[in-house]
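Predicted, not measured: the structure shown is a model, and the values here were computed from it. Side-chain atoms are counted along with the backbone in the values below, which use heavy atoms only and exclude waters and symmetry mates.
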Amino acid sequence: MKSSLLAGFLALSVTTFAEEWRYWTWTGDARMGAITGSSAWFATSGGAFEWDLEKGTSQLYQLDKGLESTDLVSIATQSDGSVWTVSRDGHLAVKRSNRSFWEPRGTYSAPPSPWRFNQRAMVIHPGPTSDKDILVMGGPQGLTFFPTYGSYALDWTDQFGPMGKREVRSLSLHGDTLWVGLMGAMMRIIPPWDSLGNNQAFISDSRRWTTLIQRADTLPCDAMMPTPQGMNWDTLFTWASATVLLNKSGLFWNGNLVFQTTTPGRFPDGALYPTHAVDLGDALLLSSGNNNDITKGPMVLFKNGTAVYPPLPGNAFPTSNPSRVLLDGSKVIAWSNKEVVQWERTRAGWYSPWDSLFENRVLVVGGSGPNSYNTADDAKPNNFKKDSRGHLWVGVWGQGLWGAFPLGDGTRYRWSQWDGSNSCLTGASGGKDFVAVNALRTDDSTAWGIVYRTDGSDSSLLFQSPSHRGGDVKCWTFQTSPTVYHNDLLLQPDKIWIASRSSLRAVERPRTGQSRLNEIFRKGGDFYRLAALDRGDASLVIAMTPSELIAFDAQTRTDAILASSLQQHQPLTGRQIWTDMAIDGLGQIWASGSEGIDIIRLAWEDSTWAFRKVREVTTHDGLLSNSIYSMDVDPETGIAVMATTAGLAHWTSPYRSTPDRLETKKARVWPNPLRTRSNRELVVDGATRSSHFYLHAADGSLVLHLPPEAQAGGYFRWTVPSTSSLRPGVYRWTLKDGSTKVGGPLLIAE
């Protein structure tokens, strides 16, 4: 074996799964576009999106590329290829043409009010010399000028005071002329600027200002598009009453512009509702906003009405941000935009093995019947669970219970639905039209849930789903307060725990032939989540309120409390309102809300139980957003997945259970075979805390040794060098722990 091969392996940069983050964000909400070279750039809610129009490739820049926020609102490009972005929370960043990472340029605020960047309110204006371009940004007080070179030179001036302090809503550059869209007004400004961007002389010279529109109301001029190529798009545009067309050289609109396309069946009524456009000469680069689900996302629109869309990179989520997410082994399953999609490491991108969830169902405003609901109560997933057989269950607000069951070879699933029309599930006053399932748990191959009564009736409905398509749902009633909202339930062999906005109660597990539930105990309070926790010989139930964690004996038939985070010695006061909870592999409690995750342990101290804070996880640690819709934690792998307001965050954490001893069934190297052309990442799983990892060549020579300190949570992970340093062939891997070892062959191919 050549020495270069050994040296190549020893030089590997070894990282662990201790805290590995993966992100999926959504590019559909493209707010603003720009062009440099052959690349189209978009500021999106998922980061800076680059689309190479010649190669037909794309990539999405996120936190791991230097951006401090993925929620971008403005983007602009310089003649040298540099790209500038501004995030919603004020982070300014630049990516130079010869670099792959973004350089943060600060977070901006200025008196008398915090800086608020508006969508499309940023342009690059050529300065007196070509290498001193000026970044012009709009905010609530006027314009700010920032040289793109050197140190900061901000100038905050109330330029529009005589017009009533109008907020800048949009900016556009047409030649050397700057067009400014304001609240209720529109301006045209002719330079020059001075060399430092200190534009006092320019601001005071009213001869360079032209007021194009001035309205008494505050209707904003939110978007504008100059057409320097002189295109005649009249046949594609329709205008609402507030839209203004100026001299055929610039098109300005306030959000009511409609692109009348000629592509049949591609867009609703043949219309697009863009938020920003760039004239490419023979086409428009459009940033579709969030007006319509079908027309979201960046595109190129040609003059004949046809549209071209970019391919999505692997870190781009295919639809709008999901509100529900769960783990199924190594798979991530997410509910988004009335559909369910899945990701797994062995496949490229997201896919859906499920038939459409709302296929052939029409949701309308008002009306009556099982297919008619008010849009305020549109089909929202209250809960999203899987059972031990991998079936998915969804409790839907207004549409009852949905279950996904395998078809044929099990590679695809089809949804079945239960409501008042085909089961004992009924809504208000026994009605069939509106059945809201707002608590759901799985047990083996079935689902248990509670139906919300919207009419103020004094009973709630607990149900158990069928274990296969076409089976019967079983229902039991129990006494409750009028219109009580149930948040969660926990299944145990002898009882069922029910958490609601008014109480925590335990009821006996129902028996055959029983119609009403027998209550064991009830404790008042606003209870939100429930979880089972085993600590040694103790079997506990953890109940979560928005501000408190409470531990109960799982075998108890009373409401006696073992521990309370607020009532214990040294109370654990919450820093946020908790909305979701999970248990990790070390038996620690993850409580999430609008400020990230609190990881808490339940400790036995001085002959009593007490809750203690372990750590906080926020955007400073790698979260996309502190505001979390839902989360799921796999205690065996240490993987946690979180649906946040900014996208999905996938975290392989150090909080997982590891084997006590090496076992053949748990120890593995994957992927195996490893094809270096498509995957350079190799993972070793199943190690104990004191395990060593060895890799030997076919001739028995040692290629690599990784000590225990190079792994965390049972994982080793590293990036394999190129085939010029690593010869393809069959190798032998070994995990060794004291006198025990396991191993096997590893095929490395090109």
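- In summary, the side chains of S421 and D419 do present a donor paired with an acceptor at a separation below 3.5 Å, with no hydrogens or angles considered.
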Verdict with supporting geometry, S445 and H391, side chain to side chain donor-acceptor pair (under 3.5 Å)
CA-CA 7 Å; S445 60; H391 304 158; 5.7 Å; no

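- Looking at S460 and H486, their side chains come closer than 4.5 Å, going by heavy atoms from C-beta outward.
- Side-chain atoms of Q576 come within 3.5 Å of backbone N or O of G596 as a donor-acceptor pair.
- Between W415 and W402, the ring planes are perpendicular. Angles over 60° get that label, and only those under 30° would be called parallel.
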I'd like to know whether K385 forms a salt bridge (Lys or Arg N to Asp or Glu O under 4.0 Å) with D632, so could you lay out the CA-CA distance, the side-chain angles of the two residues, the decisive distance to 0.1 Å, and finally the verdict.
CA-CA 10 Å; K385 306 291 183 181; D632 196 13; over 6 Å; no

Test side chain to side chain contact (heavy atoms under 4.5 Å, CB included) on H569 and E605 and set out the steps.
CA-CA 11 Å; H569 180 63; E605 299 176 354; over 6 Å; no

Residue pair V451, V435: steps toward the side chain to side chain contact (heavy atoms under 4.5 Å, CB included) verdict
CA-CA 7 Å; V451 174; V435 179; 4.0 Å; yes

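- Between M581 and I589, some side-chain heavy-atom pair lies under the 4.5 Å cut-off.
- Under a 3.5 Å cut-off, the side chain of R535 and the backbone N or O of L602 do form a donor-acceptor pair.
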Verdict with reasoning, R389 to D444, per salt bridge (Lys or Arg N to Asp or Glu O under 4.0 Å):
CA-CA 7 Å; R389 295 189 181 183; D444 299 326; over 6 Å; no

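- Ring-plane geometry between W651 and W21 is classed as parallel, the angle between the planes falling under 30 degrees on a 0 to 90 degree scale with a further cut at 60.
- A donor and an acceptor atom, one from each side chain of S594 and S627, are nowhere located under 3.5 Å apart.
- Among all heavy-atom pairs drawn from L623 and T644, the shortest one is CD2-CG2, 4.3 Å.
- The shortest side-chain heavy-atom distance between W418 and L425 falls under the 4.5 Å cut-off.
- S69 contributes no side-chain N or O that, together with a main-chain N or O of S87, makes up a donor-acceptor pair within less than 3.5 Å.
- A 4.5 Å side-chain heavy-atom check between S625 and T645 finds at least one atom pair inside the cut-off.
- S323 contributes atom OG, which lies 8.0 Å from atom CH2 of W335 (distance to the nearest 0.5 angstrom).
- Of the residues F384, F405, W448, the one that meets the ring-ring contact (aromatic ring centres under 6.0 Å, His included) test with W393 is F405.
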Should R441 and D488 be marked as a salt bridge (Lys or Arg N to Asp or Glu O under 4.0 Å) after you check the CA-CA gap, both sets of side-chain angles, and the distance that decides it?
CA-CA 8 Å; R441 281 292 177 117; D488 200 6; 3.0 Å; yes

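- Electrostatic pairing of R88 and D71 counts as a salt bridge here, judged by a charged N lying under 4.0 Å from a carboxylate O.
- Using cut-offs of 30° and 60° for the angle between ring planes, the Y413 and W354 rings count as tilted.
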Output, in order, the C-alpha distance, side-chain angles, deciding distance and verdict of side chain to side chain donor-acceptor pair (under 3.5 Å) for T25 and Q62.
CA-CA 8 Å; T25 53; Q62 300 176 328; 2.7 Å; yes

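- Panel note: side chain S503, backbone G524; no donor-acceptor pair is recorded below 3.5 Å.
- Taking the six-membered ring for Trp and thresholds of 30 and 60 degrees, H650 and W343 have ring planes more than 60 degrees apart, a perpendicular arrangement.
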Assess whether salt bridge (Lys or Arg N to Asp or Glu O under 4.0 Å) is satisfied between D598 and R575, documenting all intermediate values.
CA-CA 9 Å; D598 296 308; R575 65 187 179 95; 2.6 Å; yes

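- Note that the CG atom of L540 and the CD atom of Q555 stand 10.0 Å from one another [nearest 0.5 Å].
- Contact check for W350 versus T319: no side-chain heavy atoms found under the 4.5 Å cut-off.
- Environment of CG in L566: crowded, with over 12 heavy atoms of neighbouring residues, nucleotides or ligands closer than 6.0 Å.
- A salt bridge links E508 with R557: at least one charged nitrogen is closer than 4.0 Å to a carboxylate oxygen.
- The two residues L440 and A447 come nearest to each other via the heavy atoms CD1-CB, 4.0 Å.
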Run S564 and E548 through side chain to side chain donor-acceptor pair (under 3.5 Å) and show every step you take.
CA-CA 7 Å; S564 164; E548 183 181 15; 2.4 Å; yes

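- Counting only heavy atoms from C-beta outward, the side chains of I597 and I628 approach each other to under 4.5 Å.
- For the pair S565 (side chain) and L549 (backbone), a donor-acceptor distance under 3.5 Å is present.
- A donor-acceptor pair under 3.5 Å links the side-chain atoms of D584 to the main chain of Q588, judged by distance alone.
- Because its NZ or CZ atom is not both nearer than 6.0 Å to the ring centre of W497 and within 45° of the ring axis, R529 does not count as a cation-pi partner of that residue.
- Side chain of T556 to main chain of D553: no donor-acceptor pair is present (N/O by atom type, distance under 3.5 Å, no hydrogens or angles).
- The two residues S630 and D580 have their closest heavy-atom pair at CA-OD2, 3.3 Å.
- For R615, the CZ atom sits in a packed shell: over 12 heavy atoms of surrounding residues, nucleotides or ligands are nearer than 6.0 Å.
- Within the 4.5 Å cutoff, no side-chain heavy atoms of V633 are placed close to those of I583.
- In this structure, F463 CZ and T477 OG1 are separated by 14.5 Å, a value rounded to the nearest 0.5 Å.
- For the atom pair CD1 (I333) and CD (E344), the distance works out to 9.5 Å, reported to the nearest 0.5 Å.
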Please lay out, stage by stage, how Y528 and W578 fare under the test ring-ring contact (aromatic ring centres under 6.0 Å, His included).
CA-CA 9 Å; Y528 205 80; W578 292 323; over 10 Å; no

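- For K386 against T442, the heavy-atom pair with the smallest separation is O-OG1, 2.8 Å.
- Residues R689 and D737 are not paired through a salt bridge, judged by the lack of any N-O separation under 4.0 Å between the basic side chain and the carboxylate.
- Looking only at distances, a side-chain donor or acceptor of W476 sits under 3.5 Å from a matching main-chain atom of Q514.
- Nearest heavy atom pair, residue S423 against residue V473, reads CB-CG2, 3.9 Å.
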Give the C-alpha distance, both sets of side-chain angles, the deciding distance and a yes or no for side chain to side chain contact (heavy atoms under 4.5 Å, CB included) between V684 and Y715.
CA-CA 6 Å; V684 181; Y715 280 104; over 6 Å; no

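- In this structure, I542 and I550 have side chains that are not in contact, with every pair of non-hydrogen atoms separated by 4.5 Å or more.
- In terms of modelled atom types and a separation under 3.5 Å, the side chain of S45 and the main chain of W26 share a donor-acceptor contact.
- Residue Q479 comes nearest to R516 through the heavy atom pair OE1-NH2, 3.3 Å, listed as atom of the first residue, atom of the second, then distance.
- A donor-acceptor contact shorter than 3.5 Å links the side chain of K495 to the backbone of A554.
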Tell me, with the steps shown, if L572 and I600 meet side chain to side chain contact (heavy atoms under 4.5 Å, CB included).
CA-CA 10 Å; L572 193 158; I600 299 166; 4.0 Å; yes

